[in-house]
Each structure stands twice: as C-alpha cells, then as structure tokens.
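Only one structure is covered here, and it is reproduced in the block below.
Chain letters run A, B, ... following the sequence lines, proteins first, then strands; residues in each count from 1. Bear in mind that the values here come from a model prediction, so they are computed numbers and not experimental data.
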2 protein chains.
Amino acid sequence: MAKLQEATPIVRRPLHEEATDRLRDLIVQGRLAPGERLNERLLSVQLGLSRTPLREAIKVLATEGLVELLPNRGAIVSHMDAVRLSESLVVMGALEALAGELACINATDAQVNEIRALHYEMLAYHARGDLAGYFKFNQAIHLKIVKYSGNTMLFNAYRQLNANVRRARYMANLSRERWDAAVREHDEILAALGARDVKRIKALLSDHLAHKLASVLAALPSRQAA
Amino acid sequence: MAKLQEATPIVRRPLHEEATDRLRDLIVQGRLAPGERLNERLLSVQLGLSRTPLREAIKVLATEGLVELLPNRGAIVSHMDAVRLSESLVVMGALEALAGELACINATDAQVNEIRALHYEMLAYHARGDLAGYFKFNQAIHLKIVKYSGNTMLFNAYRQLNANVRRARYMANLSRERWDAAVREHDEILAALGARDVKRIKALLSDHLAHKLASVLAALPSRQAA
DNA sequence: TTTGGCCATTTTGCATGCAGAATACAAAAA
DNA sequence: TTTTTGTATTCTGCATGCAAAATGGCCAAA
C-alpha cells in the first residue's frame with residue numbers, strides 16, 4: 001500500500017511557536033514600538049491564547065535580543081539605538097562576506113539563478129522607485145546568499161542579527177544616490193556569484209555592508225535629534 | 001540623608017533565568033548527553049522549581065541551539081554532529097578574526113594585559129600537561145578577545161556558537177604536536193594584539209580557527225565510528 | 001520470533017489560580 | 001503648588017490542574 005499523506009504530517013503547531021513568530025513580526029514591523037511594554041494579559045487576549053505560551057515566546061524573543069526583560073516588571077521591546085544598529089551591521093558584514101565565499105563554492109547553478117531572478121525583480125522595483133518593494137527583494141537576496149552558503153549555523157546567526165536590524169530599516173531613509181549605488185553593487189555581487197569569484201564576492205559584500213552602515217550612520221543623527 | 005544600600009539592589013534572580021543557566025551548564029559540561037530526553041517533571045524536581053519556569057528555560061536553550069524541541073514529545077539535548085561542529089567553527093573563525101581587528105583598535109592597554117596574564121596562566125598549564133586547565137584559560141582568552149572588541153552584538157553571537165562547540169571539545173582530543181602548535185599560535189596572537197597589528201591578528205586568528213577546525217575534523221571520524 | 005492492536009500510564013501543552021512586587025492614585029503635609 | 005505617604009489596583013512570576021498526545025506493555029495473530 002502506498003503511503004498516502006506522506007507529505008502531510010498533521011501536527012498542530014505549538015501555540016508558543018505561533019506566538020513567537022507573531023510577536024516577532026509585530027516587533028520587526030514596528031507595530032510594537034521600541035520601549036513599549038509588553039502587557040502579558042493584554043497580548044494574550046489579542047493573540048488568543050493564555051499567558052503561559054505567551055511568556056515562553058517573550059523569553060525566546062529576549063534571547064534573540066528583540067525584547068528586554070525587566071525582572072518583576074515584565075518586558076519591553078528593546079531599543080534600537082545607533083550603537084546596537086552599527087554593531088549589528090559590522091557583524092553582519094563579516095558574516096555576509098563569509099557567506100558569499102561559501103555560496104560561490106556551494107550554491108548550485110539553480111540556486112544562483114533563483115537569486116538572479118530575485119535580483120531582476122528588485123531592479124524592477126528600483127526602476128519604479130518603489131522603496132518598500134525594493135527592500136523586500138533586497139532582503140530576500142541577502143538572505144538567500146547566506147542560506148545558499150550551505151552553513152546552517154551561519155544562517156541562524158545572520159537571521160538573528162537581521163531581525164534586529166530590519167526594525168530600523170526605515171531609519172536608513174537612503175538617498176537616491178546611495179540607492180542607485182547599492183543597486184550597482186548588487187549587480188556586481190551577482191556577477192561575482194555567477195562567476196564563482198570567491199575573492200571578489202567577499203570584497204564586494206564587505207564593501208556593500210560597510211556602505212550600508214555608513215549610510216545608516218549618516219541618516220541616524222538627524223533621527224536621534226527628533 | 002545619604003542613600004544607604006545604594007549598591008545593593010536586592011532583587012531576587014528570576015527562577016527561569018537560574019534554571020536556564022543551570023541547564024545550560026549541565027548540557028555544556030556533558031552531564032546531559034546529546035540526544036538525552038529532558039523530562040520536565042524530573043528536571044523540575046532536580047532543580048527545585050516547578051515546570052513553568054523550567055519550560056521557559058528549555059525554550060531559551062532551544063533558540064540557543066543547545067536543545068531541540070520535538071512537538072508534543074518534549075525536548076532533547078541537541079546532537080553535536082561533525083557538520084554542525086565544523087559549521088560553527090567556520091563561523092567562529094570569521095567572528096574571531098573580526099573581533100581581533102576590533103580589539104586591536106578598541107581594547108585598552110589594561111585589557112590587553114589582562115589577556116596577557118591569562119596567556120601566561122595558560123602557558124603554565126600547558127607546561128604541566130594539564131589539558132583541562134589549559135582549555136579553561138584558552139577559552140577565557142578567546143572570550144576576552146571577543147569581549148574587548150567592544151562589540152556587544154559580536155560577543156553575543158560568538159558566545160552562542162561557543163556554547164555549542166564547548167560541549168564537543170573533548171572530541172578534539174588534540175595531539176601533542178597540535179597542542180604545541182596552538183600554544184605558539186597564541187604567542188603570536190598576543191604579540192599582534194600588543195602591537196595593535198590589525199592585519200596580522202586577523203590573519204592569525206583566522207588561521208588559528210582553521211587549524212582548530214582541521215584538528216577537530218581529523219579527530220572526529222574515529223569518534224563517529226564509536 | 002515478529003507484528004499489530006488495544007489499553008494503562010506517562011508526559012507534554014496549555015489554562016488558571018495565587019502570592020508578592022510594582023504601579024497608580026488620592027489625600028495629607030510642606 | 002509641590003512633595004510625601006498610605007492604599008487600592010494591576011501586573012508579573014510561579015505553581016498547579018487538566019485535556020490531549022505519546023509511550024510502554026500486554027496479548028493475540030501471523
């Protein structure tokens with residue numbers, strides 16, 4: 001007898017995992033603002049579960065750095081100051097450079113083409129001047145490069161830092177010049193990946209992240225003043 | 001009136017944090033073996049608390065990668081296979097290289113001397129052939145370098161990977177030659193740090209971790225066979 | 001001996017209850 | 001008015017209870 005339903009392991013997703021993902025999204029999307037208190041009772045009602053799995057989710061987000069625990073006073077959405085942001089970008093730069101190297105070596109041609117497709121979609125949004133759409137595919141490309149490095153631990157470390165940085169992407173508020181430059185850099189990155197040029201992609205990604213950091217830092221002070 | 005007790009904010013440490021640390025130690029020290037089931041009732045009795053804070057601790061350790069959650073079947077200590085181990089070491093190599101650079105720039109002379117002191121203590125254990133003592137100070141040195149990079153996000157990312165790798169250090173079972181070589185490498189690393197030689201320490205740490213990876217990989221197959 | 005099914009027990013996942021800490025608020029004192 | 005103090009309320013941290021899922025054992029059938 002053939003195994004029917006092979007691909008459908010019908011196991012209900014634990015509520016605490018669901019809560020973790022939903023809360024993470026709320027924070028990353030900025031719907032829960034930095035510094036905002038996480039009222040357990042309120043959130044548990046809003047998410048439709050009890051406080052127990054919610055508290056487990058909060059603890060997880062705290063280890064991810066998205067939330068800060070104040071003993072006996074609950075949790076707040078952690079602040080994303082300039083220091084943390086630039087620190088994260090520096091680390092991500094090193095991780096992406098490594099990921100680029102590994103991806104050059106390990107990614108299949110199909111995976112490279114998958115990234116290429118995302119690249120062209122991103123170009124389309126850039127051409128239209130659609131920043132939100134651009135960001136979405138930009139994110140996807142960087143994540144795919146790290147993913148196709150084939151190093152799971154690298155991917156996890158990167159993912160965690162990235163969640164923290166994504167919250168602040170609106171702070172970047174990048175100029176048209178920087179935007180255009182970033183797109184050109186992406187062109188080169190893709191070319192290096194296609195050519196399997198390990199040294200080149202490492203340098204390109206390193207520079208790309210350094211530029212991103214500079215652009216964010218340049219945009220920050222004005223924001224801090226506000 | 002002078003504020004008495006200024007320096008004693010007597011806030012009891014939350015049980016779930018205590019539990020997280022204690023459980024992490026149990027796993028890192030190998031007293032809970034990879035693959036071993038975490039029986040909540042049993043552990044809660046052993047640790048002297050209820051299942052609620054213990055479950056929160058388990059969720060935290062799961063996001064740290066020390067524990068694997070099996071929906072509806074609890075949690076097991078995650079396996080440390082050769083793949084995960086070498087993946088982690090590769091990432092740690094990149095992070096340490098970055099940390100070395102930053103430490104050269106940011107560490108104070110006092111901090112460098114602190115590392116130097118650890119180095120000499122390590123040399124003493126090496127001279128005595130005391131591997132356990134050597135490992136302890138070796139660990140401390142690497143952690144301090146990353147810490148004195150001054151990049152908190154880097155430190156956290158490194159710390160997390162390191163917890164996973166430490167469990168497997170007995171697998172390394174390094175040869176006397178490798179041990180001597182590692183000590184010589186540490187000599188050079190310290191010299192580069194003292195000289196604030198950014199390029200050199202980056203290369204040295206990169207190589208040091210690569211050698212460590214090679215040594216671990218060489219020792220692994222025999223272990224896997226057992 | 002091995003395989004499969006049925007039932008008792010254990011274990012997990014979650015909701016709820018309760019004590020203590022923190023907070024908000026109002027009245028009294030400066 | 002501003003500050004302080006006492007009190008009620010809210011909130012967190014943790015223990016416990018309960019339903020559903022998983023596990024283990026036993027026995028019959030292959």
Side-chain angles (χ1 to χ4, degrees), chain A residues 1-6 8-24 26-27 32-33 35-64 66-78, chain B residues 1-24 26-27 32-33 35-63 66-78:
Chain A
M1 167 92 63
K3 294 187 214 162
L4 300 176
Q5 310 240 347
E6 168 77 52
T8 55
I10 314 175
V11 281
R12 202 171 55 77
R13 188 128 183 279
L15 287 189
H16 63 85
E17 284 186 18
E18 190 80 26
T20 305
D21 289 348
R22 288 222 270 159
L23 250 187
R24 188 189 295 114
L26 287 178
I27 294 171
L32 287 172
E36 190 168 342
R37 270 254 334 253
L38 299 181
N39 185 310
E40 294 180 359
R41 185 101 43 196
L42 185 65
L43 274 174
S44 68
V45 171
Q46 288 177 348
L47 298 179
L49 36 74
S50 80
R51 286 175 54 222
T52 303
L54 175 64
R55 281 175 60 81
E56 292 174 358
I58 290 174
K59 298 294 178 298
V60 167
L61 294 177
T63 77
E64 291 181 1
L66 288 172
V67 147
E68 194 176 338
L69 299 180
L70 312 175
N72 287 319
R73 300 191 305 152
I76 60 172
V77 178
S78 62
Chain B
M1 167 91 68
K3 294 187 214 161
L4 300 177
Q5 310 240 348
E6 167 79 51
T8 55
I10 314 175
V11 282
R12 202 171 56 75
R13 188 126 184 278
L15 287 188
H16 63 86
E17 283 186 19
E18 190 80 26
T20 304
D21 288 348
R22 288 223 269 157
L23 250 188
R24 188 189 295 113
L26 287 177
I27 294 171
L32 287 172
E36 189 168 343
R37 208 114 159 237
L38 300 181
N39 185 311
E40 294 180 1
R41 185 101 43 197
L42 185 65
L43 274 175
S44 68
V45 171
Q46 289 178 347
L47 297 179
L49 35 74
S50 79
R51 286 175 55 221
T52 304
L54 174 64
R55 281 177 59 83
E56 292 174 357
I58 290 174
K59 298 295 179 297
V60 166
L61 295 176
T63 77
L66 287 172
V67 147
E68 195 175 338
L69 299 181
L70 311 176
N72 288 319
R73 300 191 307 154
I76 60 173
V77 177
S78 62

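Contact detail for B:S44 and B:L54: the closest heavy-atom pair is N-CD2, 3.6 Å. When every heavy atom of B:L23 is checked against every heavy atom of B:L47, the shortest pair comes out as CG-CD1, 4.4 Å.
DNA chain D is contacted by both B:L49 and A:A75; A:A75 maps to the nucleotide lying nearer its 5′ end (nearest heavy atom per residue). Map A:L15 and A:P71 each onto its nearest nucleotide of DNA chain C; the residue landing nearer the 5' end is A:L15.
Closest approach to the B:E40 side chain among C:dT23, C:dC14, C:dG13 is made by C:dG13 (side chain taken as heavy atoms from C-beta onward). When each of D:dC11, C:dT12, D:dC14 is scored by its nearest atom to the side-chain atoms of B:N39, the top-ranked nucleotide is C:dT12. Across D:dC14, D:dA15, C:dT12, the shortest atom-to-atom separation from the side chain of B:S50 is found for D:dA15. For B:R41, taking side-chain heavy atoms from C-beta onward, the closest of the listed nucleotides C:dC14, C:dT11, C:dA22 is C:dT11. Listed candidates were D:dA22, C:dT16, C:dT11. Nearest to the side chain of A:T52 is C:dT16.
Computed from coordinates, the B:I76 CD1 to D:dA22 P distance equals 16 Å when rounded to whole Å. Protein atom CG of A:L69 is 8 Å distant from nucleotide atom P of D:dG13, rounded to whole Å. For B:R12 and D:dG13, the CZ to C1' distance is 8 Å, given to the nearest whole Å. Rounded to an integer number of Å, the gap from CG of B:L54 to P of C:dT11 is 14 Å. Remark: P of C:dT11 and CG of B:L38 are 13 Å apart, rounded to the nearest angstrom. We find that CZ of A:R73 is positioned 23 Å from P of D:dT9, with the value rounded to whole Å. The separation between A:I58 atom CD1 and D:dT12 atom C1' is 10 Å, rounded to whole Å. As rounded to whole Å, 9 Å separates atom C1' of D:dT12 from atom NZ of A:K59.
The closest donor-acceptor contact from the side chain of A:S78 to the backbone of A:E68 lies at 3.5 Å or more, if one exists at all.
A sub-4.0 Å separation between OP1 or OP2 of D:dG13 and a side-chain N or O of A:R55 is present.
Donor-acceptor pairing under 3.5 Å, judged by distance alone, is present between the side chain of B:R51 and the base of C:dG13.
Screening A:L38, A:V67, A:L69 against A:L61 for a side chain to side chain contact (heavy atoms under 4.5 Å, CB included) leaves a single residue, A:V67. Checking A:R73, A:K59, A:R51 one by one against A:E40, the salt bridge (charged side-chain N to carboxylate O under 4.0 Å, His left out) holds for a single residue, A:R51.
Within the nucleic acid shown, B:R13 has no heavy atom closer than 4.0 Å to any nucleic acid atom.
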